[in-house]
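Notes to accompany the following structure.
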Number of protein chains: 2
Amino acid sequence: MARAGLTRERLARAGAELADEVGFDEVTVSALARRFDVKVASLYSHVRNSHDLKTLICLLALEELADRGAAALAGRAGKDALAALANVYRDYAREHPGRYAAAQLRLDPEAAAASAGVRHAQMTRAILRGYDLTEPDQTHAVRLLGSVFHGYVSLELGGGFSHSAPDTQTTWTRIVDALDALLRNWPAPTAQGPAH
Amino acid sequence: MARAGLTRERLARAGAELADEVGFDEVTVSALARRFDVKVASLYSHVRNSHDLKTLICLLALEELADRGAAALAGRAGKDALAALANVYRDYAREHPGRYAAAQLRLDPEAAAASAGVRHAQMTRAILRGYDLTEPDQTHAVRLLGSVFHGYVSLELGGGFSHSAPDTQTTWTRIVDALDALLRNWPAPTAQGPAH
DNA sequence: GCAATTACCTAAAGCCTTTAGGCAACCAGG
DNA sequence: CCTGGTTGCCTAAAGGCTTTAGGTAATTGC
């Protein structure tokens, strides 16, 4: 009987495809075994457990996203760069919803530190070089951008904005406009008390 | 043998507690049956299936969140209202992570329309009455606020900002400041082409 | 106090996860 | 070649969750 030639690499790749087709939550060791026409137990030589498989897919997605981000940022600065990175996230999520969901998997701290996640933070920070922000405002801004990108994309993907005017593409463009304006005009801290 | 007195209502409430304790993904018909000291099949008289149970918990969480939001908004306007609603989401997520995760469940359109989800959109829109925005910018702003609230809260909950200075409370305050400034200074649309 | 309804039960089938142990395929070195 | 070691995939099995079918006991209403 011929061998299937399984590797962690191939499992991650096939798992990512499976996630895009049926949803990340439905990715299962059994389903992946079926896809390779192999018995379930065979996968356990390559993968510690179900969670390990999902982690593999998560890491793959983070890498792919970071690669796309780096490519998009090359040669751009300021609002151009901001819009480019924003679109990378949105487009990736729309093209690969399962992979995008995988990228949201909560990694344990060591895995997270070794992942491409750090490249994402670096890219966002790189964009801010085009704006006039110093620490700690820069970190606040990094977190804001991360929140907007992630929040918008996951709401849109989840259908939160569906069936209502104006269309989501317009909103997306206008949000990028707004973020650009905000970064160019970042407000100073206000007093702590009630602002009224 | 005494009856346990199960109702959809009580199942939703107990399911929500369970979600906060073990995580929404671990909420299972079996686990809930154990909690009521009842056989698994018994729950299926009250709940169509596992997904139905999760939907119940989701609806409960949306209600609770909307109630808190309404209470927080009463008597406030402008930035005060903005900060109040923002804190409702963040505090709820920190107090009840499982319920908050439940609230993100993707509902089918009819269920969504009948849920407290619509109250959430109304509350965000109410806040914008304190700012000078007209359609379609108001809708763009509603979506931006939703994205930031959801994105920030879920990233913070997922540990995305952990172990790094500055602390997340400061960032949260500064983000609310920034959103307030942005809403008071909402930019006009820019030309479509590259902005450089 | 009896009938109808309701609430919870037993039983069973199906799928997923995970571990233990076996045989066959591949890859060295002789 | 061909022989042994390693590796890759297998069978087998136990345990958990989901869901359905059909039974019995508690409750409700007349």
Side-chain angles (χ1 to χ4, degrees), chain A residues 1-60 98-99 101-102 104-108 111, chain B residues 1-60 98-99 101-102 104-108 111:
Chain A
M1 60 200 37
R3 297 191 176 184
L6 306 180
T7 61
R8 285 172 77 81
E9 190 61 25
R10 289 191 64 199
L11 291 181
R13 216 160 284 284
E17 286 171 25
L18 185 58
D20 285 336
E21 290 168 22
V22 302
F24 185 58
D25 289 344
E26 313 307 321
V27 170
T28 186
V29 180
S30 292
L32 200 55
R34 272 194 294 275
R35 173 161 291 224
F36 278 103
D37 205 31
V38 137
K39 295 298 172 179
V40 190
S42 305
L43 296 205
Y44 282 87
S45 316
H46 304 273
V47 155
R48 216 189 324 280
N49 50 39
S50 183
H51 186 261
D52 185 29
L53 170 63
K54 292 189 174 175
T55 300
L56 244 46
I57 300 173
C58 170
L59 294 176
L60 174 70
R99 283 161 150 98
Q104 311 315 144
L105 187 70
R106 197 201 208 299
L107 297 172
D108 36 311
Chain B
M1 54 192 53
R3 297 192 175 185
L6 305 181
T7 64
R8 283 172 79 79
E9 190 60 26
R10 288 190 65 198
L11 290 182
R13 215 160 285 285
E17 286 171 24
L18 186 58
D20 285 336
E21 290 168 24
V22 304
F24 185 57
D25 289 342
E26 312 308 320
V27 171
T28 185
V29 181
S30 293
L32 201 56
R34 272 193 295 276
R35 172 161 292 223
F36 279 103
D37 205 32
V38 136
K39 295 297 172 182
V40 189
S42 306
L43 296 205
Y44 280 87
S45 314
H46 304 273
V47 155
R48 215 187 327 279
N49 51 36
S50 183
H51 186 261
D52 185 30
L53 171 62
K54 291 187 174 174
T55 300
L56 244 46
I57 301 173
C58 170
L59 293 176
L60 174 69
R99 282 161 152 97
Q104 311 317 140
L105 188 70
R106 196 198 206 306
L107 296 172
D108 35 313

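Lettering follows sequence order; numbering is per chain, from 1. Every heavy atom of this structure was used, including side-chain atoms; hydrogens, water molecules and symmetry mates were not.
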Protein-nucleotides 19-22 of chain D N/O pairs under 3.5 Å:
residue : atom : partner  : partner atom : Å
dT19(D) : OP2  : Tyr44(B) : OH           : 3.0
dT19(D) : OP2  : Ser50(B) : N            : 2.6

What integer distance in Å separates [X]:[atom1] from [N]:[atom2]?
X        : N       : atom1 : atom2 : result
Asp25(B) : dT18(D) : CG    : P     : 13 Å
Lys39(B) : dA12(C) : NZ    : C1'   : 15 Å
Lys54(B) : dT18(D) : NZ    : P     : 8 Å
Arg10(B) : dA7(C)  : CZ    : P     : 13 Å
Leu18(B) : dC17(D) : CG    : C1'   : 14 Å

Under 4.0 Å between a side-chain nitrogen and a carboxylate oxygen: does that hold for Arg13(A) and Glu9(A)? yes
For Arg35(B), is there an ion pair with Glu17(B) - N to carboxylate O distance below 4.0 angstrom? yes
Using only side-chain N and O atoms of Thr28(A), determine if any of them is under 4.0 Å from OP1 or OP2 of dT17(C). yes
Would you say a side-chain N or O of Ser42(B) is under 4.0 Å from OP1 or OP2 of dC9(C)? yes
Answer yes or no: is there a donor N or O on one side and an acceptor on the other, between the side chain of [X] and the main chain of [Y], under 3.5 Å?
X        : Y        : value
Ser42(B) : Val38(B) : no
Arg10(A) : Gly5(A)  : yes
Asp20(A) : Gly98(A) : yes

Testing the basics here: between Val29(B) and Leu43(B), what is the closest heavy-atom pair and its distance to 0.1 Å?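 For Val29(B) versus Leu43(B), the nearest heavy atoms are O-CD1, 3.6 Å.
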Among the nucleotides dC16(C), dC8(C), dT18(D), which one has an atom lying closest to any side-chain atom of His46(B)?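 Minimum distance to the His46(B) side chain belongs to dC8(C).
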